[in-house]
Amino acid sequence: MGFIKDALEIDPREASEKIEKLIRDTLRDLYGKKGAVIGLSGGLDSAVSAALAVRAIGPKRVTGILLPENDSSPKSREYGLKLADSLDIDCLEVDIAGILEKFGVYRKQNAVVEKVFPDIQKPYKFRLILPQNLLEKKRLNVYSLEVLLDDGTTRKERLSHDDYLEFMAANDIKQRVRMVQLYYEAERRHYIVCGTTNKSETLQGFFVKYGDGGVDIEPLAHLYKVQVFKLGEYLGIPEEILSRTPSPDTYSYEVSDKDFFFCLSYDVADTILYAIEHNIPSEEVADELNLTTDQVERARV
């Protein structure tokens, strides 16, 4: 193990106790509220945040909210319910598809899909992906739209800048509607909204303003993803959630965080992010990751 990976190691018990205290102190001293609401995505970050909140203030003062919509994975609901059961917390399910339909989210995204693929026939699923050869060569950081057809075949085309903006403007409404619903449920209980964004996402802006970025407390914002995973193991998060591939879960054709945004595995991305934060030369990072200096430089840009 290299020195950066050593630096990313945490004492999960100590980390948990510090975050638990932060949650208690924030709840009592900053907000004067009774408990916490957390959106349960069926993923690791929300599971760890919920488990920490339960340890901090008890299960009776934590409420999990499931927010399914037409494009979310059935696994999100399944794993979210399993987590709530394992933590013995109340769990409320609110389907936000009707609200998104009123905003025209599905119609607007389908319009982009059918513009890019004018001969396409429903049903289809779609997702956005970036080129995954980040370490191999210099490249254009341009999104492609990929569709999965009913016969199992896929098609992919690069998106124009305007089409990308149109698509994402509609997509980010999903995150903002989720947060509106979380605040409704929190305020009627006199609770706070607990966030789930980790440091790897925070450093790169991988969150939506006034969406998943609009919360009262971010207990994981100082932890890299690999550290959140270690904490999840310590907290006894269900294995299905620990092993689930991280995903934004807003596309009908499931896509990973790596395919959609990071273009690197989290262990590599976190090592490079740590190096950037601590001004560690690319040559040293390359030795640790068994990469070339050029590869590290491309990833750092």
Side-chain angles (χ1 to χ4, degrees), residues 1-9 43-45 73 112-113 116-117 124-149 152-165 167-168 171 197-208 223-230 242-301:
M1 180 176 290
F3 71 97
I4 298 177
K5 290 185 178 180
D6 282 338
L8 289 171
E9 284 293 313
L44 177 64
D45 297 321
S73 169
V112 174
V113 173
V116 175
F117 302 99
Y124 54 76
K125 297 182 178 181
F126 57 80
R127 64 184 181 181
L128 295 190
I129 57 174
L130 282 170
Q132 295 298 299
N133 57 349
L134 177 60
L135 297 179
E136 297 171 14
K137 61 183 180 180
K138 292 182 179 179
R139 53 154 210 197
L140 290 175
N141 201 41
V142 177
Y143 277 97
S144 291
L145 178 64
E146 187 172 36
V147 293
L148 174 66
L149 303 178
T153 60
T154 61
R155 295 173 63 181
K156 183 174 72 172
E157 292 288 345
R158 183 179 292 179
L159 276 180
S160 71
H161 184 61
D162 287 345
D163 286 340
Y164 165 76
L165 292 177
F167 198 92
M168 289 307 300
N171 190 75
T197 304
N198 60 59
K199 188 171 187 174
S200 307
E201 296 165 337
T202 301
L203 288 175
Q204 297 194 81
F206 188 42
F207 57 87
V208 175
L223 295 176
Y224 291 96
K225 185 73 171 191
V226 294
Q227 296 172 324
V228 176
F229 182 82
K230 292 293 184 184
L242 285 173
S243 61
R244 187 182 186 189
T245 301
S247 168
D249 198 30
T250 55
Y251 300 105
S252 54
Y253 186 7
E254 195 163 345
V255 64
S256 69
D257 287 352
K258 177 179 179 292
D259 290 335
F260 174 69
F261 187 82
F262 287 95
C263 303
L264 296 168
S265 62
Y266 270 110
D267 59 334
V268 174
D270 286 350
T271 300
I272 294 174
L273 286 169
Y274 180 91
I276 292 171
E277 188 179 17
H278 293 86
N279 298 312
I280 298 171
S282 294
E283 293 80 5
E284 296 181 34
V285 183
D287 287 342
E288 175 145 346
L289 293 174
N290 196 28
L291 298 173
T292 67
T293 301
D294 285 345
Q295 287 176 314
V296 174
E297 287 293 329
R298 282 195 289 273
R300 293 180 81 146
V301 173

In short, Ala286 meets Thr293 closest at the heavy-atom pair CB-N, 3.8 Å

Item checked: Derivation and outcome, salt bridge (charged side-chain N to carboxylate O under 4.0 Å, His left out), residues Asp45 and Lys225 -> CA-CA 8 Å; Asp45 297 321; Lys225 185 73 171 191; 3.0 Å; yes

Heavy-atom nearest pair, Glu201 first then Phe207, reads O-CD2, 4.2 Å

*Fit a plane to each ring of Phe260 and Tyr251, take the angle between them on a 0 to 90° scale, and name the class: parallel (under 30°), tilted (30 to 60°) or perpendicular (over 60°).*
tilted

Task: Test item: side-chain donor near acceptor, Asp267 and Ser265, under 3.5 Å - done: yes

Between Phe261 and Leu130, the two heavy atoms sitting closest are O-CD1, 3.8 Å

With a 3.5 Å distance limit and no angle check, can you tell me whether Glu254 reaches the backbone of Ser73 through a side-chain donor-acceptor pair? no

Closest non-hydrogen atoms of Lys230 and Glu9, given as atom of the first, atom of the second and distance, are CE-OE2, 4.2 Å

**OP:** Return yes when atom CZ of Arg158 has more than 12 non-hydrogen atoms of other residues, nucleotides or ligands closer than 6.0 Å, and no otherwise.
**Re:** no

Separation between OG (Ser282) and CG (Leu291), nearest 0.5 Å, reads 11.0 Å

Are the aromatic rings of Tyr266 and Phe229 close, with centres under 6.0 Å apart? no

Check: Has the side chain of Glu284 got a donor or acceptor atom that lies under 3.5 Å from a matching backbone atom of Ala275?
Finding: no

Worksheet item: What about Phe126 and Phe167, are their ring centers closer than 6.0 Å?
Response: yes

Smallest heavy-atom separation, Leu134 atom then Phe262 atom, equals CD2-O, 4.1 Å

Smallest heavy-atom separation, Gly43 atom then Arg244 atom, equals N-NH1, 4.0 Å

Near His278 NE2, under 6.0 Å, is it more than 12 heavy atoms from other residues, nucleotides or ligands? yes

